[in-house]
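When a ligand or atom number is given, it counts from 1 through the structure's own listing order.
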Amino acid sequence: MDSIRVALLGHGTVGSSLHQLLVEHREHVRAATQRDVEVTAVLVRDVDRARPGLDPTTTLVTDSLEELLASKPDVVCEAMGGIEPTREYLLALLDRGIPVVTANKQLVARHGTELFARAAAARTQLRFEASVCGAVPIVRMLRESLAATRIECLLGILNGTTNYMLSAMAANGTSYADALATAQDLGYAEPDPTEDVEGIDAAAKLSILAGIAFGTTVDVDDVRTTGISGVTADDVAHAHVLGARIKLVARAERLLAPGGGHTIALDVTPMLVPERHPLAAISGATNAVLVDGAPFGQLVVQGAGAGGPETASALAGDLVSVLGSEPSFLTSDPHVAHLAVAPRDARSERHYVRMRVADRPGVLAAVAGALAAHGVSIERVIQQRAEGADGTGASEASLVLTTHPCAPGDLETALATVESADRTVLPMLDAPEAAS
Ligand code: NAP
Ligand code: HSE
């Protein structure tokens with residue numbers, strides 16, 4: 001039986017889990033591939049650190065790509081993260097015709113086109129299932145299972161850290177800071193949690209998924225991105241009163257362009273998701289993706305979106321796929337067209353607004369007047385006394401309102417004329433239509 005030599009770039013949370021999986025599930029891998037798969041080389045930063053499960057007398061442990069190349073790997077699995085030198089390393093591997101499997105969403109999102117081109121030129125493969133939604137096989141579902149369909153909209157909870165945090169804030173009234181500390185302790189957060197909480201991680205994942213779903217080049221900087229750092233425990237509680245949950249939703253939608261044809265609207269933003277919506281029930285570090293299109297209707301997939309073993313299972317699946325296939329249209333650059341990005345106000349939707357205002361006659365009328373002047377219609381109003389900045393509780397009110405569908409720009413212009421503090425504005429997702 002042939003033996004396959006696998007090299008790992010990175011032996012941290014994900015890389016060490018992949019190594020362990022390939023050892024513990026050796027029989028499953030052999031049954032699937034009819035080959036023995038051996039980890040023969042590992043690239044790390046610190047070669048002197050002792051690492052459980054890694055024996056440097058039998059496996060090359062190096063910080064040099066040249067040494068790793070000299071070990072003649074058949075396939076390389078990348079779980080070191082970052083853009084450079086990772087990009088440079090992957091290009092060197094692909095140029096030599098060595099297939100690469102990666103978990104690196106930022107690299108695929110920002111440099112996918114270059115990497116795919118070099119893989120194609122060398123007649124080899126770049127696989128990236130593990131870069132989006134951990135264990136959930138969403139890349140394969142979009143690329144293969146739904147390849148002959150027309151996708152209209154993709155909605156996702158693509159970041160486990162923020163979903164864990166928002167779930168904890170909703171379940172226990174936990175503060176934002178405490179929820180973040182626990183998510184970091186549990187190992188969900190990226191080394192720098194800014195990528196998670198500011199939506200940067202989810203935007204990279206959305207650009208990868210949207211690129212496949214719509215077959216279009218997507219510049220990750222075209223994803224309008226708002227994180228959850230402005231969401232307070234108050235907002236989470238108010239959402240509950242309104243029959244909704246706050247979720248960091250990644251959304252890619254095909255819209256009709258005014259002059260004909262289509263554009264694509266791309267955003268990552270906290271949204272009020274009605275309790276009846278399939279994404280409202282996704283809690284903890286779970287990821288989920290809802291795909292809507294024809295002729296299949298709606299599909300929802302969910303599962304563990306982060307964590308070493310979970311992500312390793314997706315890397316190992318891609319490794320098996322590489323061993324069982326030749327480079328083809330299924331492994332080449334999925335971006336075959338270019339859809340223009342829709343302007344922000346291309347879509348009208350309902351909004352939630354919470355603000356702290358002075359509790360005196362005429363304030364509510366002034367807010368209503370400002371909104372009316374910009375064509376924004378109020379759907380619902382809740383006003384509660386708020387403890388004033390001076391602690392007296394007499395002078396301020398927390399004003400929560402929801403709007404009928406309006407363009408976000410009109411709402412923003414209207415609110416700019418209103419005097420208020422501590423303001424949150426979030427779009428609201430519509431409930432799914434009831435089955436007739
Ligand atoms: P990690 O624990 O920080 O591990 C990174 C590994 O890469 C370490 O072994 C590190 O070496 C090595 N490394 C980093 N820079 C290097 C360099 N310049 N040269 C040589 N080795 C280098 O990170 P991780 O959480 O496993 O994440 C790895 C990748 O998987 C990232 O792209 C991440 O976005 C992605 N991912 C992670 C998760 C997750 O749940 N953690 C889920 C999905 C995708 P040392 O050990 O010597 O420091
Ligand atoms: N930090 C990421 C998350 C890990 O929380 O989803 C998976 O990419």
Under 3.5 Å: N/O of Glu78 near N/O of ligand 1 | no
Just by modelled atom types, is the Ile151 backbone N or O under 3.5 Å from a matching donor or acceptor in the Arg254 side chain?
-> yes
Looking at Thr13, Leu43, Leu8, Thr86, the heavy atom closest to atom 2 (O) of ligand 1 belongs to Thr13
Closest to atom 5 (O) of ligand 2 among protein heavy atoms sits Thr161 OG1, 2.6 Å
Heavy-atom proximity to atom 35 (C) of ligand 1, best of Ala285, Ala103, Gly308, Gly12 | Ala103
So which of Gly81, Ala304, Pro309 gets nearest to atom 31 (C) of ligand 1, if we judge by its closest heavy atom?
-> Gly81
Side chain, backbone, both or neither: which part of Pro85 comes within less than 4.0 Å of ligand 1 when only heavy atoms are counted?
-> side chain
Heavy-atom distances under 4.0 Å are what count here, so tell me which part of Arg51 touches ligand 1: side chain, backbone, both or neither.
-> side chain
Contact partition for Thr162 relative to ligand 2, non-hydrogen atoms under 4.0 Å | neither
Could you tell me the residue and atom name of the protein heavy atom closest to atom 6 (O) of ligand 2, and the distance to it rounded to 0.1 Å?
-> Gly160 N, 2.8 Å
Residue part near ligand 1, for Gln106, under 4.0 Å between non-hydrogen atoms = neither
Contact check, Gly305 vs ligand 2, heavy-atom distance below 4.0 Å = yes
Only heavy atoms count here, so choose which of Val44, Ile83, Val132 is nearest to atom 21 (N) of ligand 1.
-> Val44
From atom 41 (N) of ligand 1, work out which of Asn104, Val14, Leu9 has a heavy atom at the shortest distance.
-> Val14
Can you name the closest pair of heavy atoms from Leu8 and Gly15 and give their distance?
-> CD1-O, 3.7 Å
Out of Leu315, Asn287, Asp46, indicate the one that has the non-hydrogen atom closest to atom 47 (O) of ligand 1.
-> Asp46
Provide, to 0.1 Å, the distance between atom 4 (C) of ligand 2 and the closest protein heavy atom, together with that atom's residue and name.
-> Glu190 OE2, 3.3 Å
Could you check atom 8 (O) of ligand 2 against the protein and tell me its nearest heavy-atom contact, residue, atom and distance included?
-> Lys105 NZ, 2.5 Å
Nearest-contact summary for atom 1 (N) of ligand 2 - protein heavy atom, Å | Asp196 OD1, 2.8 Å
Taking atom NE2 of His240 as the centre, does the number of heavy atoms from other residues, nucleotides or ligands within less than 6.0 Å exceed 12?
-> no
